[in-house]
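Computation of the quantities below employed the complete heavy-atom set of this structure, encompassing side-chain atoms and omitting hydrogens, waters and symmetry-equivalent molecules. These numbers come from a predicted model, not from an experiment.
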Amino acid sequence: RDVLGSRGLGDVYKRQMLTAVLAVGIFMNISSVSAATGNWDGAQKAVVNAYKKYKTSVDVSAYNLNYATEYDNLKSMMGEVVSETSYLFYTGTRFSVSRNTSTNQIVKITLGYADAYKKSDGTIRKAKIKKTRTQLDSAINQALLNVEPSMSQVEKAMVLHDYLVRTTAYTSDSNNAFRLTEVGVFLKHKANCEGYSRAYAILMQKVGIPVKFVSSDKMVHMWNEIKIGKKWYHVDVTWDDPMDSRDKTDQYGRVSHQNFLCSAAKMQKTKHYDFSTGDATGTKYDNRYWKNVNSSFYYNDGKWLYMTKDGITERDSLDHGAATVLYNVAGDNLTQYDADRYYFIAFNSIYLYSRKTNEAKAVWKTTDLYSANCTLDQIKFENNKLYYRVYDNGKHISNKITPKEDGTL
């Protein structure tokens, strides 16, 4: 039911980069850069600083950048600035360069801004950028409320991975420019792989976990590597956000972990290809139990709750120790209601489970509204509403219910 492989293919936007001198073609994130004589690191810092100050151009004449012989470096530098720099959500899809025609030295880069953040006369909408940044900070802080200081690195990485999957729906809609950035994830709740990767990178930076980006030109896809202890591991949040195989829609409440903390070899087995294996050689987590868990992990009062084929399960730690099945049920799609209570699907009905009493009761059934042949297969709780999806007569029907104070529906 959960189709992951088709989600990440072809979802990085190919940004068209133009120059005032020659047409600069489509760029992607290039992992290998040719030997350079110019100071490209210095130039990149200058470009980033210029964007942070909302400048429309930056003087790079001091960095000895040769347009003719180091063109790949130019593409790589601008690609990293636009696609991999946190909080530069307002960068545009075009830039231009001015160069000395006799030496081919680049002397100035004219910076592009996204249409949403500039006026028709090219003036930068600084107030709008600052307002969006404030909204972003608030949303990011909301995500970080899921993290406790006592959590291990693995647990922090997991709880934030699950949060992004639960709160974001994948989109490849080319008309949605926000999908490319953290704004799409944290404020619009729709993004493509570039947006997911940027959002996860920000959260990892906030909790002190080293993070970087990985991309595949042939897959047209982007994801992350993070460092746990002394080793690097791949994390593809996009591919861990399942789509329904019947209508290719986002699945409420479901979270896969097939692409969480993988070695390069494991990523190749999950159908990732044409990427630099880099230093992600650690195999410690390649076959961990969570690879088969399709519910979110919820942390409460020092315990982790999640659902497996055996029922509602608890652990003291995500990365070591044993699991205990608290409530045996052939259920699915565990969704947290409050600190003590959780909804799940079983027998084509919605059940409410109490951790305090270790009991569950049916609070809603499909036969009240839908045909006997329908399938209740997705639920999520957010904004004080319980959202559900029923598959009936060849299509999904979505609806929502406002729970009573005691959680009943």
Inter-residue atom distance [X].[atom1] - [Y].[atom2], 0.5 Å rounding:
X      : Y      : atom1 : atom2 : value
Leu88  : Glu80  : CG    : CD    : 12.5 Å
Thr335 : Tyr252 : OG1   : OH    : 12.0 Å
Leu111 : Thr56  : CG    : OG1   : 7.0 Å
Met151 : Met158 : CE    : CE    : 11.5 Å
Thr238 : Asn224 : OG1   : CG    : 8.5 Å
Ser256 : His161 : OG    : NE2   : 7.0 Å

Legend entry - Of Trp239, Trp290, Phe297, the residue whose pairing with Phe260 passes ring pair (Phe, Tyr, Trp, His ring centres under 6.0 Å): Trp290
Are [X] and [Y] ion-paired here, with the side-chain N under 4.0 Å from a carboxylate O?
X      : Y      : result
Asp279 : Lys212 : yes
Lys303 : Asp316 : yes
Lys248 : Asp244 : no

Inset, instruction - Start with the C-alpha gap between Asn373 and Ser371, add the side-chain angles, then the distance that decides, and say whether side-chain hydrogen bond (donor to acceptor under 3.5 Å, both in side chains) holds. - result: CA-CA 5 Å; Asn373 296 322; Ser371 75; 4.9 Å; no
Inset, instruction - Determine whether more than 12 heavy atoms belonging to other residues, nucleotides or ligands lie under 6.0 Å from atom CG of Asp173. - result: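 More than 12 heavy atoms, drawn from other residues, nucleotides or ligands, come within 6.0 Å of this atom.
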Inset, instruction - Taking atom NZ of Lys291 as the centre, report whether more than 12 heavy atoms of other residues, nucleotides or ligands fall under 6.0 Å from it. - result: yes
Inset, instruction - Begin with the C-alpha distance, continue with both residues' side-chain angles, and end with the deciding distance and a verdict on side chain to side chain contact (heavy atoms under 4.5 Å, CB included) for Asn399 and Tyr387. - result: CA-CA 6 Å; Asn399 214 329; Tyr387 295 80; over 6 Å; no
Legend entry - Sequence-distant partners of Asp41, salt bridge (charged side-chain N to carboxylate O under 4.0 Å, His left out), two or more places apart: none
Inset, instruction - Show your working on salt bridge (charged side-chain N to carboxylate O under 4.0 Å, His left out) between Asp377 and Arg254 and close with a plain yes or no. - result: CA-CA 10 Å; Asp377 59 7; Arg254 298 185 185 279; 5.5 Å; no
Between [X] and [Y], do the side chains contain an N or O donor and an N or O acceptor separated by less than 3.5 Å?
X      : Y      : value
Arg166 : Ser296 : yes
Tyr353 : Asn358 : yes
Asp340 : Ser354 : yes
Thr171 : Arg179 : no

Inset, instruction - Fit a plane to each ring of Phe178 and Tyr117, take the angle between them on a 0 to 90° scale, and name the class: parallel (under 30°), tilted (30 to 60°) or perpendicular (over 60°). - result: perpendicular
Legend entry - Min side-chain heavy-atom separation Tyr298-Tyr342 under 4.5 Å: yes
Inset, instruction - Start with the C-alpha gap between Ser172 and Asn192, add the side-chain angles, then the distance that decides, and say whether side-chain hydrogen bond (donor to acceptor under 3.5 Å, both in side chains) holds. - result: CA-CA 6 Å; Ser172 59; Asn192 73 351; over 6 Å; no
Inset, instruction - Decide yes or no on side-chain hydrogen bond (donor to acceptor under 3.5 Å, both in side chains) for Glu382 and Thr167, but give the supporting numbers first. - result: CA-CA 9 Å; Glu382 62 182 30; Thr167 58; over 6 Å; no
Inset, instruction - I would like to know whether Trp364 and Tyr388 meet ring pair (Phe, Tyr, Trp, His ring centres under 6.0 Å); could you show each step before the answer? - result: CA-CA 11 Å; Trp364 187 86; Tyr388 68 85; 4.6 Å; yes
Would the [X] and [Y] ring centres measure less than 6.0 Å apart?
X      : Y      : value
Tyr196 : Trp223 : no
Tyr285 : Tyr233 : yes
His234 : Phe275 : yes
Tyr113 : Tyr51  : yes
Tyr63  : Trp40  : no

Inset, instruction - Over all heavy atoms of both residues, which pair between Val165 and Val237 is shortest? Give the atoms and the distance, please. - result: CG2-CG1, 3.8 Å
Inset, instruction - Work out which heavy atom in Lys108 is nearest to a heavy atom in Val60; give both atom names and the distance. - result: N-CG2, 3.9 Å
Inset, instruction - Give the intermediate values and the outcome of side chain to side chain contact (heavy atoms under 4.5 Å, CB included) for residues Lys266 and Thr283. - result: CA-CA 8 Å; Lys266 184 68 172 181; Thr283 59; over 6 Å; no
Inset, instruction - Using the side-chain hydrogen bond (donor to acceptor under 3.5 Å, both in side chains) rule, pick out the option among Glu314, Arg315, His257 that qualifies with Tyr306. - result: Arg315
Inset, instruction - Dump the intermediate steps for side chain to side chain contact (heavy atoms under 4.5 Å, CB included) on Val47 and Met78, then the final yes or no. - result: CA-CA 8 Å; Val47 171; Met78 292 305 294; 4.2 Å; yes
Inset, instruction - Kindly say whether Gly311 contributes a backbone atom to a donor-acceptor pair with the side chain of Asn328 at under 3.5 angstrom? - result: no
